[in-house]
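Each chain gets a letter, A, B and so on, in the order its sequence line appears, and its residues count up from 1. Computed from heavy atoms alone, side chains included, the values below leave out hydrogens, waters and symmetry copies. All figures in this text were calculated on a predicted structure; none of them were measured in a lab.
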Amino acid sequence: MQLNAPQQAAVDHREGALLVLAGAGSGKTRVITSRIAALLKSVPAEQVVALTFTNKAAREMRDRVMEQVGRASAKGLIVSTFHSLGVRILRREIERLGYKGNFSIYGEADQRRLIKDLLPLRRQERGSAQEVEEVLARISSAKNRMQTPETFQPNRHDECDLLTAEVYPRYQQGLKACNAIDFDDILLLTLQLFASHPAVLRQYQQQFRYIMVDEYQDTNHVQYCLLRELSAIHGNLCVVGDDDQSIYGWRGAQAGNILDFEQDFPGARVIKLEQNYRSTGRILAAANALIEHNPGRHEKRLWTAGEQGAEVVYRCCDDGEDEAMAVVAAIHRERYRHQLSYRDFAILYRTNSQSRAFEEQLRYENIPYVLIGGQQFFDRKEVRDVLAYLKVFVNTQDEVNLLRILNYPKRGIGESTAQRLIALSVERQQPLWELMQGGDLAQPLGEKAAQQVEAFIQLMQRYRRACRHGERLTATMEELLKELRLEDELYRQADDPKQARRRVENMHEVVNALSSYCEREAVPTLEGFLEKVSLLDRDEPLRNNKEEKLKQDAVVLMSLHSSKGLEFPCVYLVGFEEGTLPHSKIIDEGGDIAEERRLCYVGMTRARKQLMLLGAARRRRYGRLQPQTASRFLEEIPEPLVRREGQAEATLSSPEEQQQQASDFFARMRSMLKEEKAETS
DNA sequence: CCGGTATACCTTTTT
DNA sequence: GGTATACCGG
């Protein structure tokens with residue numbers, strides 16, 4: 001297929017800043033890969049950098065460039081995520097900032113643990129889970145705004161902000177003491193490195209002569225600054241994106257970056273791609289009608305030379321189960337009518353918890369499906385526990401993880417012993433690892449505990465040494481799991497043997513991942529493995545990653561966020577209700593409705609041939625059945641563009657609902673009685 | 001120190 | 001309806 005005129009213009013652009021405003025389905029990826037291919041004809045590959053947000057996007061882009069220019073010409077080309085590039089730079093340069101090269105990368109679980117331990121230091125009340133979560137979010141957002149512990153400006157009238165101001169410096173010190181950095185630090189420290197070491201910056205400026213950025217609308221302020229620094233000399237920055245698809249504002253992305261590009265990089269050329277090659281006319285018309293309700297966009301109107309296609313349908317179902325049945329029925333029907341494969345269908349939802357009803361229905365009907373995202377592999381406790389051992393082997397300063405495994409599996413080193421060790425470590429100004437190694441702990445800890453600690457540290461030393469030899473990594477790890485008897489531990493903990501088996505499987509999946517990493521890599525190291533694992537996209541479980549999953553012939557289930565960048569012949573956008581599609585959290589807390597609208601727009605524009613919107617008249621939320629109303633976005637798409645089907649009313653009549661009402665009544669009575677009691681006593 | 005049960009809280013979206 | 005924490009008894 002040939003490039004159209006604006007696409008070609010973007011590919012041919014060479015020097016200076018370029019903004020490509022690429023509407024959904026306008027052949028954006030093709031433009032980027034073609035432009036890289038064109039550059040490689042006259043520029044050494046190692047001077048070209050393409051940055052993406054997900055590993056999958058990076059891999060895809062790299063593959064497509066190689067298809068066009070061949071493996072040899074692409075050698076040295078950097079296609080990577082922002083975070084991978086950051087880590088790559090930091091591994092080489094971080095000692096200039098006072099960290100050591102074997103630093104750990106802390107995910108949310110590690111961060112939470114660290115903050116949790118910090119909170120009670122300052123306050124008598126113990127840090128509740130909510131508080132930890134809130135403080136963590138604020139620290140992260142501060143980092144995204146480039147506020148350090150020193151420059152953080154709390155809102156004086158905001159309790160939580162003041163707490164954050166106290167915790168933030170300690171948190172950052174804690175990280176450094178553990179020789180660890182968090183996800184936001186990856187980018188922030190890279191930027192700080194550049195600021196404090198101009199010579200280092202210059203070196204990278206000279207190396208990266210042509211910089212391209214995909215999904216520019218998702219960049220946050222730190223990423224923007226990095227790009228500005230790196231392109232400062234030559235100005236060869238080409239960014240591609242679509243402000244209408246900016247859906248990561250909650251994570252600090254600034255759609256302003258793409259709206260202000262022309263002011264930030266004077267002389268920038270702007271090219272709009274508005275011809276859509278993906279969806280039918282009717283789907284585009286509906287999506288356009290919706291997105292036009294958003295203020296302050298780059299004016300853009302998608303059009304297609306293709307056919308009008310089938311009607312877009314909205315269907316109101318009785319409840320969640322009915323909705324699932326309707327989708328499955330539609331899949332059966334369309335598959336038969338148009339000779340489609342299962343993989344041609346996608347079910348998209350706002351929250352991951354919505355997947356359950358569809359999974360059940362699909363399983364019931366024996367339809368193969370794949371679930372993308374959701375409960376993440378690396379968030380699972382059993383996986384994190386194993387990884388914690390590996391992290392400590394690499395970085396013995398990593399006390400967050402050291403404390404995590406100190407008594408896992410249970411080895412008689414309980415909470416009080418741990419606290420005594422920590423106190424001792426503070427008192428003697430000695431890292432925990434050294435303290436435990438030093439022996440002589442019988443007095444402070446007691447004979448028995450000291451013995452257990454001794455045994456623990458012996459074991460750790462032994463395996464730490466064994467891990468140095470890259471050859472036997474996998475075998476060493478297998479031995480470790482065996483010696484720790486983690487499998488038994490998992491069976492003992494779980495109350496359901498099936499659940500236990502799943503956990504054991506997950507644990508072994510880590511070993512499998514390590515094994516396949518070792519096979520792939522020329523010089524495998526534990527460090528390298530952990531780095532890979534830390535930087536994985538949320539929804540690629542190690543080996544059978546997103547692509548492999550998509551290749552199977554199965555219906556795809558995923559969140560609207562995960563769906564960005566993908567396309568399917570038939571899309572079912574479910575939960576089209578107030579409180580779900582504009583999510584209640586956003587409605588209640590005065591969040592950004594426009595972003596919800598964009599999310600909806602992203603979902604709609606994934607569809608090539610057929611788009612169906614579904615909602616329910618009542619739905620179970622937190623286990624309660626509640627009446628629902630149609631999403632406000634439905635009204636924003638005028639009648640002829642979306643055909644309304646089904647008109648279930650929110651009537652309360654089923655036996656289940658009556659029972660629900662009764663139990664609600666008794667719950668109210670009980671709580672009233674409790675209050676009365678409290679008053680009288 | 002451990003394992004059990006009661007409980008509170010919760011659900012956005014994720015590199 | 002599910003998980004993470006709290007508290008209590010052994």
Can you tell me the distance, in whole Å, between the [atom1] atom of [X] and the [atom2] atom of [N]?
X	N	atom1	atom2	answer
A/Q217	B/dT14	CD	P	16 Å
A/L581	B/dT11	CG	C1'	15 Å
A/I587	B/dT11	CD1	P	17 Å
A/R113	C/dA4	CZ	C1'	13 Å
A/K56	B/dT14	NZ	C1'	15 Å
A/E134	B/dT11	CD	P	11 Å
A/R620	C/dG1	CZ	C1'	9 Å
A/E589	B/dC10	CD	C1'	13 Å

Any base atoms under 4.0 Å from [X], or only sugar-phosphate, or nothing? Heavy atoms, all strands.
X	result
A/T417	sugar-phosphate
A/T580	nothing
A/I186	nothing
A/D218	nothing

key: Euclidean distance for P, B/dT13 against C/dA4 (whole angstrom)   =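 Per the computed distance, 15 Å lies between those P atoms.
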ask   = With A/R112, which residues qualify under side-chain hydrogen bond (donor to acceptor under 3.5 Å, both in side chains), at least two apart?
value = A/E133
query = Between A/Y601 and A/R598, is there a cation-pi geometry (under 6.0 Å to ring centre, at most 45° from the normal)?
reply =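 No.
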task = Report yes if some heavy atom in the side chain of A/L557 is under 4.5 Å from a heavy atom in the side chain of A/V370; otherwise report no.
result = no
ask   = Of all residues at least two apart in sequence or in a different chain, which pass the salt bridge (charged side-chain N to carboxylate O under 4.0 Å, His left out) check with A/K381?
value = A/D385
task = Taking the six-membered ring for Trp and the single ring otherwise, decide whether the centroids of A/H293 and A/F633 are under 6.0 Å apart.
result =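 Not under 6.0 Å, so no.
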Under 4.0 Å: is that the gap between some side-chain N or O of [X] and OP1 or OP2 of [N]?
X	N	result
A/S584	B/dT11	no
A/S562	B/dT13	no
A/N352	B/dT13	yes
A/K410	B/dG3	yes

key: Nucleotide of B/dT11, B/dT14, B/dC1 approaching A/H561 most closely (side-chain heavy atoms)   =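 The answer is B/dT14, which lies nearest to the side chain.
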ask   = Considering heavy-atom distances to DNA chain B, does A/I413 or A/S353 have its closest nucleotide positioned more toward the 5' end?
value =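 Result of the comparison: A/I413.
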ask   = Is the aromatic ring centre of A/W250 closer than 5.5 Å to the centre of the six-membered base ring of B/dT13, with the two planes inclined by less than 30°?
value = yes
